[in-house]
*Asks:* 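Submitted below is the structure of interest, expressed as structure tokens.
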Amino acid sequence: MSHNGSIHKRTQSSEPYSSVDSEIFNTHAAFDEENDGFLPHTHQDIKHIPSPQIDGGGSNSSSLKPTSLRKIDRPAFFVLVILYLLQGVPVGLAFGSIPFILKSKLSYAQVGIFSLAAYPYSLKLIWSPIVDAFYSPKIGRRRSWIIPIQTISGLTLIYLGKGIDSLLLNPKDNLPTITFCFFLLVFFCATQDIAVDGWALTCLSPDSLSYASTAQTIGINTGYFSSFTIFLALSSPDFANSYLRDIPIDEGLFTLGQYLKFWGFMYLLVTCLLYFIPEDPPHLAKINQTKLANEKLKNDSIYNKKAIYSDLLNVYNSMYKVLQLPNVQTFVVILLISKLGFQVNEAATNLKLLEKGLSKEDLSITVLIDFPFELIFGYYAGSWASGKTPLKPWLFGFIGRLIAAVFAQFVVYFFPQDGKVSGFYFILIILQHLLSSFMSTIQFVSLCAFHTKIADPSIGGTYMTTLNTLSNYGGTWPRLILFYLIDKLTIAKCENPSLGDLYDITSETIKEQCKESGGKVIILRDGYYYTNAMCVILGIFIFFWVKRKTAHLQSLPNSAWRVNK
């Protein structure tokens with residue numbers, strides 16, 4: 001898979017389920033915990049397959065990418081955009097807005113607990129074969145999952161919208177409930193993503209498949225920005241009073257509960273419309289039916305339940321065999337530890353800036369500025385990662401992300417004492433974000449290129465998605481631990497003139513009580529600096545070990561990465 005949408009030859013897989021294959025082409029970069037909860041940028045790599053008479057005309061189609069999306073494919077393209085947009089709304093809340101809302105009242109360790117809500121996106125490989133194996137032929141292979149999942153998601157959003165505002169009034173006591181609710185929403189979105197990704201491979205003409213990547217980018221980014229940048233701005237009383245109102249009031253344009261209920265009803269509306277949209281567009285019905293018939297003849301699993309379970313076991317057994325390879329085991333260790341060096345920067349820097357006094361609106365502006373640059377970075381990084389040594393730019397990105405982590409240390413340290421962010425300082429924040437984003441993109445594209453290079457063609461889908469899942473998890477598991485360390489290493493006291501003495505601040509509740517009583521919070525030791533410094537130092541040692549190991553892994557022949565049949 002290539003992060004910038006460049007085209008690679010698709011490996012032929014013996015697996016019976018296309019969801020595993022489609023994972024290769026539909027991994028969402030931002031949801032792999034690489035972009036500090038910010039902008040998702042999604043891309044696909046799909047071989048352009050020549051297909052006769054897909055226009056309804058008599059001539060054969062070229063295997064080259066058309067200069068523009070075929071008119072006959074535009075309705076399906078629009079449907080994909082809408083489905084990906086809906087998917088991006090809850091994810092934007094879980095990865096973006098909610099952690100920032102919680103940080104104003106909770107400790108870093110408690111925000112780390114909420115980060116568990118993001119796990120389904122890192123582990124969806126586990127149930128992706130199931131989504132593809134079981135379905136109703138009458139409803140359709142993809143609609144059998146999309147329709148019920150979107151219905152459940154919409155009802156969950158409406159139900160959560162009725163009580164989320166009251167839950168956030170006391171987030172400390174309600175944190176397990178809040179985390180569980182968003183864990184479910186992200187789980188539903190991850191499951192929907194599997195089905196929509198599979199649908200994207202059959203609802204567009206074969207030589208228009210690359211436009212599924214465009215649908216993903218437009219849809220998910222729009223939904224994500226709606227739930228992050230736009231939501232934070234319009235729900236902020238300061239923003240509304242400054243730009244949208246003549247008479248100031250102490251409320252935003254809407255609450256989180258109202259926002260959730262609105263999108264819940266939108267989910268249900270779109271789901272109702274899906275009942276009238278066929279699984280296969282008329283001009284592709286014969287082609288898709290032929291593919292399905294060939295699959296029936298090959299596997300006989302459509303009518304044989306025992307064969308379905310057997311094929312599922314084969315997929316999971318293939319995953320296990322991949323992980324038994326010694327070289328893969330070494331590579332897995334690299335994937336699981338390589339992101340430790342810059343995890344504090346990417347998980348906690350923005351939260352620390354908010355704690356220091358940066359407004360949520362300013363932070364959302366940095367994300368907005370970051371977006372077009374990420375697309376440009378992805379485009380150029382793709383060509384750089386091609387060649388016999390795709391991990392060479394990955395090592396460059398490793399160093400760059402360590403530098404970005406050090407840069408973040410200074411940006412946070414020199415935050416204005418009076419809380420007034422100057423234009424120069426704001427530019428420094430943007431540059432730090434861009435550096436981190438650029439290096440993250442380089443690493444992601446390089447890693448995907450290496451996965452493509454080493455994957456066993458006979459089980460290409462399982463091979464690559466296993467590695468992608470472990471790579472995603474490598475950026476997820478350290479966060480809870482690091483958030484805990486930041487809290488434990490922080491020493492703060494409250495200076496209250498009325499009491500005439502200092503007392504320790506051991507929780508966010510005591511900190512708020514200190515401020516409300518007219519006291520001043522004095523941080524004697526900030527755990528963020530210590531934890532970030534430890535991670536960077538650890539990252540340097542990891543880099544030299546990883547550099548030696550990757551040089552060896554890249555020199556191995558393809559046979560060293562093959563599963564014994």
Side-chain angles (χ1 to χ4, degrees), residues 30 32-40 95-104 106-112 114-115 118 228-229 232 339-371 373-374 397-416 419 421 424-441 443 475-476 478-490 523 525-539:
D32 65 357
E33 294 295 309
E34 289 240 352
N35 293 335
D36 43 344
F38 285 126
L39 182 70
F95 286 74
S97 298
I98 302 299
F100 296 142
I101 295 174
L102 293 176
K103 185 59 193 76
S104 62
L106 299 179
S107 65
Y108 283 96
Q110 290 167 325
V111 174
F114 178 80
S115 69
F228 188 23
T229 307
L232 287 181
K339 298 175 185 176
L340 274 171
F342 28 82
Q343 275 303 295
V344 172
N345 170 37
E346 300 183 358
T349 294
N350 296 307
L351 297 177
K352 177 58 67 173
L353 289 172
L354 290 173
E355 182 183 289
K356 289 272 190 177
L358 184 69
S359 69
K360 297 184 183 71
E361 296 75 35
D362 286 342
L363 186 58
S364 65
I365 290 174
T366 64
V367 180
L368 183 62
I369 294 173
D370 196 31
F371 172 49
F373 285 98
E374 286 196 14
F398 194 116
I399 297 174
R401 290 174 87 171
L402 290 177
I403 294 173
V406 175
F407 189 8
Q409 187 102 335
F410 287 99
V411 169
V412 173
Y413 183 80
F414 289 106
F415 190 89
V421 177
F424 175 75
Y425 184 81
F426 190 62
I427 291 175
L428 289 180
I429 295 176
I430 293 174
L431 290 177
Q432 193 278 329
H433 273 282
L434 290 177
L435 176 61
S436 181
S437 174
F438 180 39
M439 296 303 168
S440 174
T441 301
Q443 280 205 301
T476 303
R479 297 201 170 191
L480 184 60
I481 300 172
L482 295 177
F483 277 132
Y484 175 80
L485 284 177
I486 291 174
D487 275 343
K488 282 298 179 183
L489 294 176
T490 298
I523 298 179
R525 186 177 70 193
D526 195 329
Y528 167 84
Y529 300 123
Y530 287 84
T531 309
N532 190 38
M534 285 191 297
C535 282
V536 171
I537 294 172
L538 181 61

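The first residue of the sequence shown is numbered 1, and numbering continues consecutively from there.
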*Asks:* Kindly say whether S115 contributes a backbone atom to a donor-acceptor pair with the side chain of R479 at under 3.5 angstrom?
*Replies:* no
*Asks:* Is there a donor in the side chain of S440 and an acceptor in the side chain of Q443, or the other way round, less than 3.5 Å apart?
*Replies:* no
*Asks:* Quick one: which of T349, N345, T366 gives a side chain to side chain donor-acceptor pair (under 3.5 Å) with Q432?
*Replies:* N345
*Asks:* Rounded to the nearest 0.5 Å, how far apart are CG of N350 and CG of L354?
*Replies:* 7.0 Å
*Asks:* Taking atom CD of Q110 and atom CG of L102, what is their separation to the nearest 0.5 Å?
*Replies:* 9.0 Å
*Asks:* Compute the ring centroids of F398 and F342, then answer whether they are less than 6.0 Å apart.
*Replies:* yes
*Asks:* How many angstroms lie between CG in N532 and CD in Q343, if you round to the nearest 0.5 Å?
*Replies:* 11.0 Å
*Asks:* Before you tell me yes or no, could you show the steps for S359 and D362 under side chain to side chain donor-acceptor pair (under 3.5 Å), namely the whole-Å CA-CA distance, both residues' side-chain angles and the distance that decides it to 0.1 Å?
*Replies:* CA-CA 5 Å; S359 69; D362 286 342; 3.2 Å; yes
*Asks:* Any salt bridge between K339 and E346, counting N to O under 4.0 Å?
*Replies:* no
*Asks:* Could you give me the CA-CA distance, side-chain angles and deciding distance for Y425 and F415, then say whether side chain to side chain contact (heavy atoms under 4.5 Å, CB included) is met?
*Replies:* CA-CA 8 Å; Y425 184 81; F415 190 89; 3.3 Å; yes
*Asks:* At what distance, to the nearest 0.5 angstrom, does OH of Y528 lie from OH of Y108?
*Replies:* 8.5 Å
*Asks:* Roughly how far, to the nearest 0.5 Å, is NZ of K103 from CG of L351?
*Replies:* 7.0 Å
*Asks:* Between S437 and H433, is there a donor-acceptor pair closer than 3.5 Å when you use the side chain of the first and the backbone of the second?
*Replies:* no
*Asks:* To the nearest 0.5 Å, tell me how far Y484 OH sits from T531 OG1.
*Replies:* 12.0 Å
